Amino acid sequence: MEKPSLPKGTRDFGPVVMAKRQFILDSIKKVFQKYGFQPLETPTMENLTTLTGKYGEEGDQLLFKILNSGDFLKDVDLQKLNSRDSRLITHSISEKGLRYDLTVPFARYVVMNRHEIALPFKRYQIQPVWRADRPQKGRYREFYQCDADVVGTDSLICEAEIILMIKEVFKSLKISDYTVKVNHRGVLSGLAEIVGAKEKETALFIAIDKLDKIGEEKVKEELRSKGFDDKSLDVVFEILNKEGSTATKIELLTNSFSTSEKGKKGIADLSAVFQSVKDYGVSEDHVEFDISLARGLSYYTGCIFEVKINNVAIGSVSGGGRYDNLTQAFGAKERLSGVGISFGVDRLFDAMEELKLFPEETQVSSMVLITHFDSESQRYGLKVLQTLRNNNIAAEIYPDPIKIQKQLDYANKKMIPYVIVIGSEEMKSGLLAFKNMKTGEQTKIGIEDILNTLK
RNA sequence: GUGGAUGUAGUUCAGUUGGUUAGAAUGCUAGAUUGUGAUUCUGGAGGUCGCGGGUUCGAGCCCCGUCAUUCACCCCA
């Protein structure tokens, strides 16, 4: 007999974990709805052509591909098959793949349904995604993303609202020590332009993105190996090391980027976004303009966001940005700009678990368990149970006539906070033994009083 | 894809230079208690020591392989 097991990087979520996950999911969903986003779900699998080429070369390798049904080898070119190079035959044996994120399926949906979508279109989407990555801490092969995107407007108010939503989500999750890092692709391009490294842009971005992780010296080392000379490194780090408030940084960088159109646009956008946040009457706490923030996904073109929880060794728990050309990849003729944010539930979960931030109530299933000494009192309890439920109180009765210890033990394990004990005395007097499982306190009161306590 | 670490009851871990029948804590379970749980006491179940091979009179321990888990790199939620 084979021992059962799970595929690498996947997990079961038992009731205790689910209660906590629901708490996170509900908090995020509520915020999305409050900001006017509407739900969307897309299929687990997409045509491979929809997915490939959207995430860069690395991303394509991380796609889970689905083997064609039926006799999938029948029409494969024999020569390619014999070459034993699987890359040559992938496209002929697999035409579907599991979704890698929620943004690309969303873009596909928008293009396919353009005629019935009212622009600007705001949708949220909460579904699992799959990546054929090697799992490690905070990295899974199956995980949930919670996305909210707006397409069909260039307005920077959307960027500001993304910041507001992040702040609301973290507030309702009671995560207080976090940083929303904001940057702009234009600022990064400007930086590359200034040092005359337009064609080495990507190498520059990848290197400086690691700044807070590996430090200035290591980044310089990496850049030197990519062919950057000391003079341009000085220029780059003079800009990266600018200190001060967001406003100060913006002011200083306006001068630095006076020769770069892209850089100027980036600074202007960022400045407008921060101004909007102020206009909403929201403080800039937790929000930081970070010039070294790059983010990998190649489709971003404007503002980019990333959220880190401080003092927890886990990657970013949320990220997003603006993308101008995503729908064009699907043949859309009109230019549709989109901007969005994605929360990683699994990492939020890990971080909150580590910080012990889950409220105890999230684990409560039923509020009340009705226990009984015999089948007669159990029968009496059914009416009581129904009364509780009619008053919208989650309640259950122990289904078997067993000793009271077992029943109380069950309440303990399920973390049910209150127990009603019914026996001959209770049936005679109509006053029920009402026990608080946490304090051990027990009183004999009528059902009306019980309802009042629980409401 | 590259490199490192770890695999022993359900779980967390002990296990001496290789030596008879592999232990603890916790959890599970039954009772002490015929109307009361989480703190008490007593009993019980539970392990092909990841798997395969090798060295040896003898392997949980040493060697090789393999699988799984995990951490880091790359990249990312």
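Since this is a predicted model, take the numbers as computed values, not measurements.
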Distance, rounded to the nearest Å, where [X] contributes [atom1] and [N] contributes [atom2]:
X         : N      : atom1 : atom2 : answer
Phe373(A) : G37(B) : CZ    : P     : 10 Å
Asp133(A) : C71(B) : CG    : P     : 13 Å
Leu62(A)  : G1(B)  : CG    : P     : 11 Å
Arg131(A) : C76(B) : CZ    : P     : 9 Å
Ile214(A) : C75(B) : CD1   : P     : 10 Å
Asp209(A) : A77(B) : CG    : P     : 11 Å
Arg134(A) : U69(B) : CZ    : P     : 11 Å
Leu102(A) : A77(B) : CG    : C1'   : 10 Å

Test salt bridge (charged side-chain N to carboxylate O under 4.0 Å, His left out) applied to [X] - qualifying residues, sequence neighbours left out:
X         : value
Arg141(A) : none
Arg224(A) : Asp230(A)
Asp409(A) : Lys413(A)
Lys308(A) : Asp212(A), Glu306(A)

May I ask you to decide if [Y]'s main-chain N or O and [X]'s side chain share a donor-acceptor pair within less than 3.5 Å?
X         : Y         : result
Asp77(A)  : Gln79(A)  : yes
Asp346(A) : Tyr144(A) : yes
Thr301(A) : Asp324(A) : yes

For nucleotides 25-32 of chain B, list the nitrogen or oxygen atoms of the protein found under 3.5 Å from its nitrogen or oxygen atoms, one pair per line.
{"residue": "A30(B)", "atom": "OP2", "partner": "Lys406(A)", "partner atom": "NZ", "Å": "3.0"}

*If only side-chain N and O atoms of Lys213(A) are considered, is one of them under 4.0 Å from the OP1 or OP2 phosphate oxygen of C73(B)?*
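Yes, because at least one side-chain N or O of Lys213(A) sits under 4.0 Å from OP1 or OP2 of C73(B).
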_With a cut-off of less than 4.0 Å, is there a side-chain N or O of Lys210(A) near OP1 or OP2 of C75(B)?_
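True: Lys210(A) side-chain N/O within range (under 4.0 Å) of C75(B) OP1/OP2.
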What nucleic acid atoms does [X] come within less than 4.0 Å of, heavy atoms only: base, sugar-phosphate, or nothing?
X         : result
Gly138(A) : base
Gln145(A) : sugar-phosphate
Tyr140(A) : base
Ser342(A) : nothing
Gln442(A) : base

*Give the ring-plane orientation class for Phe37(A) versus Phe32(A), where under 30° counts as parallel, over 60° as perpendicular and anything between as tilted.*
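Tilted.
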Once side-chain contact (heavy atoms from CB on, under 4.5 Å) is applied, do any residues pair with [X], and if so which ones, sequence neighbours excluded?
X         : answer
Ile89(A)  : Val76(A), Lys80(A), Leu81(A), Ser92(A), Ile93(A)
Thr453(A) : Phe434(A)
Ser27(A)  : Phe23(A), Ser172(A), Leu173(A)

If we only count heavy atoms from C-beta on, is the [X] to [Y] side-chain gap below 4.5 Å?
X         : Y         : answer
Phe121(A) : Gln38(A)  : yes
Val182(A) : Val273(A) : no
Asp147(A) : Arg123(A) : yes
Glu193(A) : Lys262(A) : yes

Taking atom [atom1] in both [N] and [M], what distance in whole Å separates the two?
N      : M      : atom1 : result
U11(B) : G18(B) : C1'   : 29 Å
G44(B) : U48(B) : C1'   : 23 Å
U17(B) : U55(B) : P     : 25 Å
G60(B) : U33(B) : P     : 45 Å
A59(B) : U21(B) : P     : 11 Å
G53(B) : C67(B) : C1'   : 14 Å

*Using a distance-only test with no angle check, is there a side-chain donor-acceptor pair under 3.5 angstrom linking Tyr323(A) and Asp149(A)?*
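Yes, because at least one side-chain N or O of Tyr323(A) sits under 3.5 Å from a partner of the opposite role on Asp149(A).
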*Nearest nucleotide by nearest heavy atom, which residue falls closer to the 5' end of RNA chain B, Pro135(A) or Leu408(A)?*
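Nearest nucleotide further toward 5': that of Leu408(A).
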*Pairwise 5' ranking along RNA chain B for Tyr144(A) and Val421(A), keeping only the more 5' one*: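 Checking each residue's closest nucleotide, the 5'-ward one belongs to Val421(A).
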*Kindly say whether, by distance alone, the side chain of Gln407(A) makes a donor-acceptor pair under 3.5 Å with the base of U36(B)?*
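Check fails, no donor-acceptor contact within cut-off.
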*Is there a residue in residues 343-356 of chain A whose heavy atoms reach under 4.0 Å of RNA chain B, and which residues are they?*
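Correct list: Gly344(A), Arg347(A).
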*Pull out every residue in residues 422-437 of chain A that has a heavy atom closer than 4.0 Å to any atom of RNA chain B, ordered by number, or say none.*
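Nucleic-acid contacts, sorted: Gly423(A), Ser424(A), Glu425(A), Glu426(A), Lys435(A), Met437(A).
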_Minimum-distance nucleotide to Arg139(A) side chain [options: C75(B), U36(B), G1(B)]_ =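 The answer is C75(B).
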*According to the Watson-Crick and G-U wobble definition with distances under 3.5 Å, which dot-bracket string, read 5' to 3', encodes RNA chain B, using [ ] for crossing pairs and | for pairs with another strand?*
(((((((..((((.....[...)))).(((((.......))))).....(((((..]....))))))))))))....
*Can you list the steps and then say if Gln33(A) with Tyr124(A) is a side-chain hydrogen bond (donor to acceptor under 3.5 Å, both in side chains)?*
CA-CA 8 Å; Gln33(A) 286 172 342; Tyr124(A) 73 85; 2.9 Å; yes
Strictly under 3.5 Å: I want the nitrogen or oxygen pairs between protein and nucleotides 9-11 of chain B, one per line.
none

*Derivation and outcome, side-chain hydrogen bond (donor to acceptor under 3.5 Å, both in side chains), residues Tyr140(A) and Asp350(A)*: CA-CA 12 Å; Tyr140(A) 305 97; Asp350(A) 290 347; 2.6 Å; yes
*Could you tell me whether the side-chain ring of Phe143(A) sits stacked on the base of A77(B), using a centroid cut-off under 5.5 Å and a plane angle under 30°?*
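Base of A77(B): stacked against Phe143(A).
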*Which pair of non-hydrogen atoms, one from Ser292(A) and one from Leu211(A), has the smallest distance, and what is that distance?*
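Heavy-atom minimum between the residues: CB-CD2, 4.0 Å.
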